Amino acid sequence: MALQIFDSKAQALRAFAPLEAGRVAIYVCGPTVQSAPHVGHLRSAVAFDIIKNWLTFGHSLSVKFVRNVTDIDDKILANAKDQSRDWLELAESVNQEFENAYSALGIATTAPEIQTPKATEFIAQMITLIELLIQRGHAYAATDGSANVFFDTASWPSYGELTNQKIENLEGEQDGSHGRKSPTDFALWKAHKSDEPDTASWQSPWGAGRPGWHIECSAMTHALLGESFDIHGGGLDLRFPHHENELAQSRAAGFDFANFWMHNGLVTIAGQKMSKSLGNGISAESLLASASASAVRYWLGSAHYRSTLDYSTTALAEAESALNRIKNFVRRASDVQTANGQTSGGVSGDRDAAEPTYPSAFIDAMDADFNVPAALAALHDAVRAGNSSLDAADTAAAASAAAQVTAMARVLGFEGALGDAASAGADRADEATVAKIDALVLARRQARADKDFALADSIRVELSELGVVLEDQADKTTWMWSN
RNA sequence: GGUGGAGUGGCUGAGCGGCCCAAAGCAGCAGCCUGCAAAGCUGUAAAACCACGGGUUCAAAUCCCGUCUCCACCUCCA
């Protein structure tokens with residue numbers, strides 16, 4: 001089955017074919033680094049990370065992935081002013097928080113195929129693009145003599161094509177014209193304001209100022225991916241006006257622009273969108289403090305990327321339990337292999353081994369517009385089958401199931417958690433503690449052999465207080481950390 | 001007012017004309033395992049009249065019409 005992707009411009013599923021055979025170029029709108037990352041940012045980043053993984057691993061495409069960082073914007077300047085900080089320093093520090101959150105979740109930010117350009121690095125390209133738009137009759141310098149430059153929506157008949165809006169139904173900018181000809185015209189270049197720092201101002205043919213929000217993406221896609229590229233992604237809330245305006249600008253400049261548009265659904269809390277005004281936002285920091293990173297990743301994938309995802313502590317706990325089931329299987333399979341004298345690396349994915357095979361149900365699910373919940377079902381099916389194989393002492397079948405599970409987990413991005421599980425408890429504590437635990441486990445084993453169950457139970461309690469959980473098996477006892 | 005999305009078991013959440021008397025997970029139940037637990041595993045077991053009312057069809061959770069409820073966007077937003 002071929003890969004189908006829901007193109008939100010066409011509002012339909014379309015068969016995906018790269019513009020250039022074997023390669024795929026993706027541009028995703030990243031954050032405006034104005035304040036700390038929240039769960040919504042993470043959802044978007046994880047969704048597109050999984051998409052990237054499937055194109056890479058599942059379709060063997062060479063992926064070029066760009067996720068921009070908006071580091072100059074009204075909010076950044078306003079927040080910096082409120083906090084009496086330098087805006088560049090604020091942007092840099094918030095960006096660092098984003099990168100920390102991304103790396104905690106296993107979202108690559110530095111891999112060779114990934115680029116994370118900043119808006120301020122592309123001012124020159126934006127100016128060139130604005131000049132081109134003026135030349136082509138789709139943009140104009142402000143009518144009030146300021147350095148503002150606007151996109152002329154009236155000059156672009158297909159304006160509104162992305163979100164199916166008729167221009168007469170749009171309200172447009174109501175807070176004064178600033179030299180606009182029409183309320184729906186949007187800023188390409190914003191004149192420098194006297195109360196804004198000089199460092200937030202660049203010279204341009206129209207006077208000192210800074211870029212409007214939308215132009216950066218048009219300029220960066222052009223500079224990094226060319227006049228046309230395969231997929232443009234971002235959060236659903238960016239469809240209008242941001243993506244609509246990007247599309248208008250880029251097309252009006254003569255570029256084909258994105259072949260597919262993909263929008264991820266928003267995260268709600270108790271059914272409501274999280275927002276600063278409601279004060280119900282969940283920061284990345286508190287999210288990652290409340291559950292393991294891999295559980296967060298599992299949870300973020302537990303609803304289809306286009307569906308609304310509702311946050312709750314129960315949902316995270318469920319994700320943790322579900323993930324544990326997967327981890328336990330991989331660990332059991334690994335234990336059996338190790339016991340059989342095989343290399344323990346065999347189960348958890350030998351990189352030199354042949355390309356992993358995915359169950360057909362997993363492939364079908366991922367090819368159906370990246371249906372991760374259905375893909376997780378396929379993964380759990382493999383876990384159940386693998387467990388049955390272990391119970392039946394069919395180690396070959398179990399190893400094969402474990403390899404498949406690991407391969408699927410790699411696509412979904414929580415493969416790391418499986419490795420941890422396979423290596424039991426080490427590296428969470430110093431060697432002395434581990435040695436002590438091992439000694440206690442052995443002592444309890446001896447006590448049980450001696451039928452001194454009172455002693456055995458007291459040792460179990462002692463270990464429990466150290467945060468250690470025991471698992472008695474027929475011929476041995478293994479231990480792991482209790483969470 | 002305009003544009004789009006959603007309502008599926010106790011919970012999360014797929015499915016979007018026949019393979020659906022509806023996947024998977026969580027919770028629960030039963031069994032296995034165990035000195036007892038915990039953890040783990042298994043399940044020919046149990047649990048959903050797929051918001052409501054009509055209609056189309058040989059066949060509807062899935063298509064059409066109407067109704068109700070909820071959410072998002074309409075120039076700050078992932």
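Since this is a predicted model, take the numbers as computed values, not measurements. Just so we're on the same page: letters track the sequence lines, and every chain starts at 1.
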**Prompt:** What nucleotide among rG40(B), rC73(B), rA24(B) has an atom nearest to a side-chain atom of Arg332(A)?
**Reply:** rG40(B)
**Asked** For rC63(B), which nucleotide in any strand shown is its Watson-Crick or wobble partner with both distances under 3.5 Å?
**Response** rG55(B)
**Request:** May I ask you to establish whether Arg67(A) and Tyr102(A) are in a cation-pi arrangement, using a distance under 6.0 Å from NZ or CZ to the six-membered ring centre and at most 45° from the ring axis?
**Result:** yes
**Complete:** From CG of Leu247(A) across to P of rU75(B) the rounded distance in Å is 18 Å
**Asked** For Gln11(A) and Asp310(A), take the nucleotide of RNA chain B holding the closest heavy atom to each; which residue's nucleotide lies nearer the 5' end?
**Response** Gln11(A)
**Prompt:** Looking at rA27(B), rA14(B), rA78(B), which one has an atom nearest to any side-chain atom of Pro373(A)?
**Reply:** rA14(B)
**Request:** With a 4.0 Å heavy-atom cut-off, tell me which residues in residues 161-170 of chain A come close to RNA chain B, sorted by residue number.
**Result:** Thr163(A), Asn164(A), Gln165(A), Asn169(A), Leu170(A)
**Prompt:** His380(A) NE2 to rG13(B) P: how many Å, rounded?
**Reply:** 16 Å
**Request:** From the options rU75(B), rC26(B), rA78(B), select the nucleotide whose nearest atom is closest to the side chain of Ala322(A).
**Result:** rC26(B)
**Prompt:** Taking the C1' atom of each, how far is rG4(B) from rC49(B), in whole Å?
**Reply:** 31 Å
**Asked** If you find the nucleotide of RNA chain B closest to Thr184(A) and the one closest to Ala454(A), which residue's nucleotide is nearer the 5' end?
**Response** Ala454(A)
**Request:** List the steps and the verdict of side-chain hydrogen bond (donor to acceptor under 3.5 Å, both in side chains) for Arg43(A) and Asn264(A).
**Result:** CA-CA 8 Å; Arg43(A) 189 205 186 174; Asn264(A) 64 273; over 6 Å; no
**Item:** Distance between C1' atoms of rG2(B) and rC11(B) (Å, rounded)
**Value:** 36 Å
**Prompt:** With respect to the phosphate group of rA24(B), does any side-chain polar atom (N or O) of Arg384(A) fall under 4.0 Å of OP1 or OP2?
**Reply:** yes
**Item:** Interatomic distance at P, rA38(B) relative to rC29(B), whole Å
**Value:** 12 Å
**Asked** Hey, is the side chain of Asp457(A) pairing donor to acceptor with the base of rG35(B) inside 3.5 Å?
**Response** yes
**Request:** Using the P atom as the reference point in each nucleotide, state the distance between rC73(B) and rA78(B) in Å, no decimals.
**Result:** 12 Å
**Asked** Between Phe414(A) and Tyr298(A), how do the two ring planes meet: parallel, tilted or perpendicular, split at 30° and 60°?
**Response** tilted
**Item:** Touch class at under 4.0 angstrom, heavy-atom based, for Gly40(A) against every strand present
**Value:** base
**Message:** Considering every strand and a 4.0 Å limit on heavy-atom distances, what is the contact class for Phe370(A): base, sugar-phosphate, or nothing?
**Reply:** nothing
**Item:** Spacing between His263(A) atom NE2 and rG4(B) atom C1', to the nearest angstrom
**Value:** 11 Å
**Prompt:** Under 3.5 Å, is there a donor-acceptor pair linking the side chains of Asn328(A) and Arg331(A)?
**Reply:** yes
**Message:** Less than 4.0 angstrom between a side-chain N/O of Arg325(A) and OP1 or OP2 of rC41(B), yes or no?
**Reply:** yes
**Prompt:** Does Asp185(A) offer a backbone N or O that forms a donor-acceptor pair with the side chain of Arg180(A) under 3.5 Å?
**Reply:** yes
**Prompt:** Do the ring planes of His243(A) and His263(A) sit parallel (below 30°), tilted (30 to 60°) or perpendicular (above 60°)?
**Reply:** tilted
**Request:** Remember a base hit wins even if backbone is also touched, and classify Gly160(A) as base, sugar-phosphate or nothing at under 4.0 Å, heavy atoms.
**Result:** nothing
**Length of the CG-C1' vector between Asp74(A) and rU75(B), whole Å** = 11 Å
**Request:** Evaluate side-chain hydrogen bond (donor to acceptor under 3.5 Å, both in side chains) for Glu216(A) paired with Asn68(A), printing each intermediate quantity in order.
**Result:** CA-CA 9 Å; Glu216(A) 65 175 83; Asn68(A) 76 302; 2.8 Å; yes
**Request:** Pick base, sugar-phosphate or nothing for Asn387(A), based on heavy-atom distances below 4.0 Å to the nucleic acid.
**Result:** sugar-phosphate
**Asked** Would you say a side-chain N or O of His41(A) is under 4.0 Å from OP1 or OP2 of rA78(B)?
**Response** yes
**Prompt:** Roughly how far apart, to the nearest Å, are rA61(B) and rG17(B) at atom C1'?
**Reply:** 10 Å
**Request:** Assign the ring pair His232(A) / Phe257(A) to parallel, tilted or perpendicular, where the plane angle (0 to 90°) is split at 30° and 60°.
**Result:** tilted
**Nearest-neighbour nucleotide for the Val267(A) side chain, rU75(B), rA78(B), rA23(B) considered** = rA78(B)
**Request:** With P as the reference atom in both, quote the distance from rA46(B) to rA22(B) in angstrom, rounded to an integer.
**Result:** 11 Å
**Request:** Using both distances under 3.5 Å as the test, list the Watson-Crick or G-U wobble partner of rC33(B), or none.
**Result:** none
**Base-pairing mate for rC49(B) - Watson-Crick or G-U, with both contacts under 3.5 Å** = none
**Asked** Across all strands, who's sitting opposite rG4(B) as a Watson-Crick or G-U wobble pair, both distances under 3.5 Å?
**Response** rC71(B)
**Prompt:** For Asp369(A) and rG15(B), what is the distance between atoms CG and P respectively, to the nearest whole Å?
**Reply:** 9 Å
**Prompt:** Are any of the side-chain heavy atoms of Pro359(A) and Asp381(A) separated by less than 4.5 Å?
**Reply:** no
**Asked** When the P atoms of rG43(B) and rA24(B) are considered, how many whole Å apart are they?
**Response** 10 Å
**Fill in**
Side-chain contact check for Asp391(A): nearest option of rC41(B), rU75(B), rG25(B) is rC41(B)
**Request:** Please check the phosphate of rG13(B) (OP1 and OP2 only) for any side-chain N or O of Ser307(A) closer than 4.0 Å.
**Result:** no
**Request:** Go through Asn79(A) and Gln83(A) one step at a time and tell me if the side-chain hydrogen bond (donor to acceptor under 3.5 Å, both in side chains) criterion holds.
**Result:** CA-CA 6 Å; Asn79(A) 289 352; Gln83(A) 300 166 224; 5.1 Å; no
**Matching residue for Phe362(A) among Val405(A), Leu412(A), Asn371(A) - test: side chain to side chain contact (heavy atoms under 4.5 Å, CB included)** = Leu412(A)
**Aromatic ring pairing Phe151(A)/His138(A), orientation class (parallel under 30°, perpendicular over 60°, tilted between)** = parallel
**Request:** Sticking with atom P, work out how far rC50(B) lies from rA45(B), rounded to a whole angstrom.
**Result:** 22 Å
**Request:** Whole angstrom is fine here: how far is it from CG in Leu236(A) over to C1' in rU3(B)?
**Result:** 11 Å
**Item:** Who pairs with rA27(B) - Watson-Crick or G-U, where each distance is under 3.5 Å
**Value:** none
**Message:** I need the CZ-C1' distance between Phe186(A) and rC73(B), as an integer number of Å.
**Reply:** 17 Å
**Message:** Could you tell me how far apart Leu287(A) (CG) and rA78(B) (P) are, to the nearest whole angstrom?
**Reply:** 17 Å
Taking N or O atoms only and anything under 3.5 Å, show me the protein contacts with nucleotides 37-39 of chain B, one pair per line.
residue, atom, partner, partner atom, Å
rA37(B), N6, Asp472(A), OD2, 2.7
rA37(B), N1, Arg460(A), NE, 3.4
rA37(B), N1, Arg460(A), NH2, 3.4
rA37(B), N3, Arg460(A), NE, 3.4
rA37(B), N3, Arg460(A), NH1, 3.1
rA37(B), N3, Arg460(A), NH2, 3.2
rA38(B), N3, Leu470(A), O, 3.4

**Request:** Please say whether the positively charged group of Arg306(A), taken as NZ for Lys or CZ for Arg, lies over the ring of Phe6(A), i.e. under 6.0 angstrom from the six-membered ring centre and within 45 degrees of the axis.
**Result:** yes
